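Keep in mind that this is a model prediction, so the values were computed, not measured. Each chain gets a letter, A, B and so on, in the order the sequences are listed, and its residues count up from 1.
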Amino acid sequence: MPFKRPRPNPTQGGPNSESSSSRPLPAKQTKTSTAKGLPDMKIYIVQAKLDAESIATLTGLAERHSGVCRNAEDAEVLITAVSMRRRLERHVPWEIAKTKAVVTPQWLRDSIEHGGPLPCDDYVAIGDLHETTVQHCPDCNCKPCGCSDDSPSPTPPTSPRPRTAELSSSPTSLSAASVPEPAERAVYVPENLLPPDPPIPTKLETLDYTSRYACQRPAPLVCVNQSLVRELDTIRHSRWLEGEDRSALSYERAASVIKAYPHKIRSLAQVVKLPFIGTKIGGLIEQYLNTGTILEAETIKGSERFQTLSLFASIYGIGPSTARRLYDLNLRTLEDLEIYYGVERDDVGRQSQIVEVEEKPQHPRWMRGQRAADDGLGDSWIRVALGLREDLAKRIPRAEVEEMGRVVITELNDLKPGCVSTIVGGYRRGKRESNDVDIVFTHPDASKVKGLCKSLVRRLHERGMVTHVMHLSSFHTHDPLRLHHWDNLEKALTVFILPPTSPFYDGTRRRLDLIFASPEVYWTAVIGWTGSIMFQRDIRQWAKDKLGMKFDSSGITRRYDSKEFYPKTEKEVFELFGLQWVDPTWRNADL
DNA sequence: AAAAG
């Protein structure tokens, strides 16, 4: 597909499609991120040992989500990176510090993610202030789930009132000429493709945090034992980088179970009975309870090898194996990689040029076989990804995720009126900021879905919004050697940039994944792509173990007779499997 | 081998 340099297209705000779909039009402007994540607390940030950028970031977070004050005396919470008493005393009188919760910057970040003040004892900044910090911690000391939604009526609204998508006759007068769909003003969108109107409450009491299956354990975005989970995850990550997948999985499982454990862990006895906590990990937890850390995790974090492998594997296209190979070549920094891969530094930099990355990139003949390194997978992706890494490393705030969704669905509806979409991934699980944006699409008319992915990508490309296509696949990518389970949905993994007319435009490139499912498998696709990884994997495991069914994002099949199932809603998928409904925000089984 | 969750 030879794409030409496009002209950016003015895309006005577009209809609201927030997390859900191109609903008709009742633009109910939901609560935007104006709501503060934390109650209005007075936070004081001790600047010592923080660089200017961190100070700015933390202050910004505190201002947006809670409140800051200018001197320590007036504050309830002191945030500091200092860990030694004597050093803190140079900035805050000890008598005052003793009357506050004195915590690390991580407490603020995690509490914001969590949506409320977390218990402080994992975040105590100064050892001598442990007790007073816990005493003055603003966490409400109520159980994490105490209140909220366990209302008696489990029945979803079954108002059969059909909704009609009066397709916002695309506001762009420019593109009106190229509407390929003839005279179709309104498309009937069946109720079941839209999100349930009052959302379905999660009945936490019917779930079971001791279950062996992550899909039965409600796991919040940030849990009360988050720093323990983080330690275990460090070991997991290291194992994964080293190619020790079995070991990595053990740590992943353990971390996942703890993520769902609703109480602050104070003794080993509380958790030894939990699934996947054996003697090995039990020992590590004990160590953690005694010392506040896990020695191996700390050692790993300090090792050059781990830091380097992590850095390399954070680049799109570089996995554990390649990272290790590069390390063995004595490469250590991204600059080393740039030289190795031959990236001209400013070339991909700020110029907005359009690059089509081939699915199977070819080297020029003279290069082939030269480098035994990249057999099979060419390195053009990696060159591109290296050039984009600064942008791609930036996190995307929810509001911008929503804007991207609006822009994309607007384009799609110009192309094919009546499409429905859900923004999935971490966004749907409630993350305040995402690494990338994943959107699942369908159309009520199954016959219209085929080929849509490619058309949409082309259109976004022409409009200058998709700058790179890392991967484009279709239903019929007949893949005889199915390595792992990659669904066979139409999907495009792209690099996206908002049009300059967007109020959110700042020139940052973002990873955007577009997934197209036929309407019968729309909700299985949505579930699969909502994650988390563990949650999804255990739904698959559950379906296999308990029902002899095969579940993945592209459908549900009974194994013995290959009968296919098409649950009409997300809730029905849970029901089919005999699982209780778990809201996406409780599917954070993965750290 | 890698990519998504």
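In this structure, the CZ atom of A:R236 is 12 Å from the C1' atom of B:dG5, given to the nearest Å. Whole-Å rounding puts the A:M470 CE to B:dA1 P distance at 20 Å. Between A:L326 atom CG and B:dA1 atom P there is a gap of 14 Å when expressed in whole angstrom units. B:dA2 atom P lies 14 Å from atom CD1 of A:I315, rounded to whole Å.
At the heavy-atom level, A:R429 lies under 4.0 Å from the strands shown only through sugar-phosphate atoms. Note on A:F535: nothing from the nucleic acid sits closer than 4.0 angstrom, heavy atoms only. A:D590 comes within contact range of no nucleotide atom at all, as no heavy-atom separation falls under 4.0 Å.
A:Q541 places no side-chain N or O within 3.5 Å of a backbone atom of A:Y213 that could act as its donor or acceptor partner.
Nearest nucleotide to the A:T322 side chain, out of B:dA3, B:dA2, B:dG5: B:dA2.
Ring geometry for A:W381 against A:Y316 counts as tilted: the plane angle lies between 30° and 60°, on a 0 to 90° scale.
One finds no salt bridge joining A:E400 and A:R406 here, because no Lys/Arg side-chain nitrogen approaches an Asp/Glu carboxylate oxygen to under 4.0 Å. Between A:R398 and A:E433, no side-chain nitrogen of the basic residue sits less than 4.0 Å from a carboxylate oxygen of the acidic one, so the salt-bridge criterion is not met.
Contact check, A:R511 against B:dA4: a side-chain N or O comes under 4.0 Å of OP1 or OP2.
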